[in-house]
Amino acid sequence: MIVVTGATGQLGRLVVEDLLTRVPAEQVVAAVRSPEKARDLAARGVQVREADYDRPDTLKTAFEGADKVLLISGSEVGRRVPQHQAVIDAAKEAGVGLLAYTSVLRADTSTVAVAPEHKATEEAIKASGLTYSLLRNGWYNENYIPTAQQGVATGNVIGSAREGRVAAASRADYAAAAAVVLTEDGHADTTYELSGDTAWTMDDLAADISTVAGTPVGYQDLPAEAHAKALTEAGLPEPVVGMLVSIDASIADGRLADTTGDLSRLIGRPTTPLRTTLAAALGD
Ligand SMILES: NC(=O)c1ccc[n+]([C@@H]2O[C@H](COP(=O)([O-])OP(=O)(O)OC[C@H]3O[C@@H](n4cnc5c(N)ncnc54)[C@H](OP(=O)(O)O)[C@@H]3O)[C@@H](O)[C@H]2O)c1
């Protein structure tokens, strides 16, 4: 039995889809905090079980009979270490054979703002004694769809990433890697640095948007303070502004640029180019 937490999220749904191409539906458990959101999966034969990171009793039941569990990192930044600890404890109690976890690229040394929670979770997983696979995911191509839409509307993409590069891949690529680890042998106690095959700059991003949209879009690099001011004036809330500016600082620092090849090796094909993801999104 393979259990996927966060299975109604964007990545989780793609992992379940990939698993359904590899194993019978009755071997897949969608562990979700709102079972009503997973009715479509239940209709396809997937077992849907309630699993809320804030309610450990649900996790215990959700993991019964699980050989492998994928813990998809939660989305409530700042609350994730205790939430993930509850999942680890429940996996341990259930005698799970392998716990896979969606971490962040170079979690142990990264200066990306979200890294400390991932690092703490990785440490908790190792301390638990569970067999693990750490899927250190780089950035999603899809993170740049709103940027592309904004770029098409204004002719301009702004940022403070300087010449920094991003080795992004599509969510579906990361989902496929998780499905491989969950269905194939040989992934015990592994750490994968998963990222796109190509690392691109913000100038490259603007060029791809121009090509896909058929309209000129440029990249304007700003000092961090000016970037923050522009985002605030565009109406973004303060925590989001802080997060976006800090991400660009990490990109400028090369923290999301690693092209290790781990992802394409795991999935047995090249990763999805940024332009392909943008074309699919802007074509909608
Ligand atoms: N690599 C990147 O570029 C990147 C970007 C953004 C986020 N991330 C991380 O990767 C994760 C997966 O990405 P995504 O795109 O699938 O995000 P997403 O669509 O926001 O999905 C997050 C999932 O976590 C579930 N969740 C949140 N809090 C929970 C709780 N208390 N108990 C149980 N489940 C809970 C959500 O449940 P519901 O379906 O009920 O809402 C959802 O299924 C994110 O949560 C975040 O940690 C990575």
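For reference, positions follow the sequence shown, starting with 1. In each ligand, atom 1 is the first atom listed, and ligand 1 is the first ligand listed.
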Is the backbone of [Y] close enough, under 3.5 Å, to the side chain of [X] for a donor and an acceptor to pair up by distance?
| X | Y | value |
| --- | --- | --- |
| T276 | T272 | no |
| D197 | T271 | yes |
| D208 | L205 | no |

*asked:* Can you tell me if A168 contacts ligand 1 (heavy atom of the residue under 4.0 Å from the ligand)?
replied: no
Short list, please: which atoms of ligand 1 are under 4.0 Å from a heavy atom of [X]?
| X | value |
| --- | --- |
| R171 | 15 (O) |
| E76 | 28 (N), 31 (N) |
| W139 | 3 (O) |
| Q83 | 31 (N) |
| L11 | 14 (P), 16 (O) |

Heavy-atom nearest neighbour of [atom] within options [options]:
| atom | options | value |
| --- | --- | --- |
| atom 20 (O) of ligand 1 | A51, A62, S75 | S75 |
| atom 2 (C) of ligand 1 | Y140, Y174, Y144, Y53 | Y140 |
| atom 38 (P) of ligand 1 | E142, E50, R33 | R33 |
| atom 44 (C) of ligand 1 | S34, A31, S73 | S73 |

*Can you spot which of L263, T260, V104 makes a side-chain contact (heavy atoms from CB on, under 4.5 Å) with E193?*
T260
*asked:* Under the salt bridge (charged side-chain N to carboxylate O under 4.0 Å, His left out) test against E50, which residue among R55, K37, K60 passes?
replied: R55
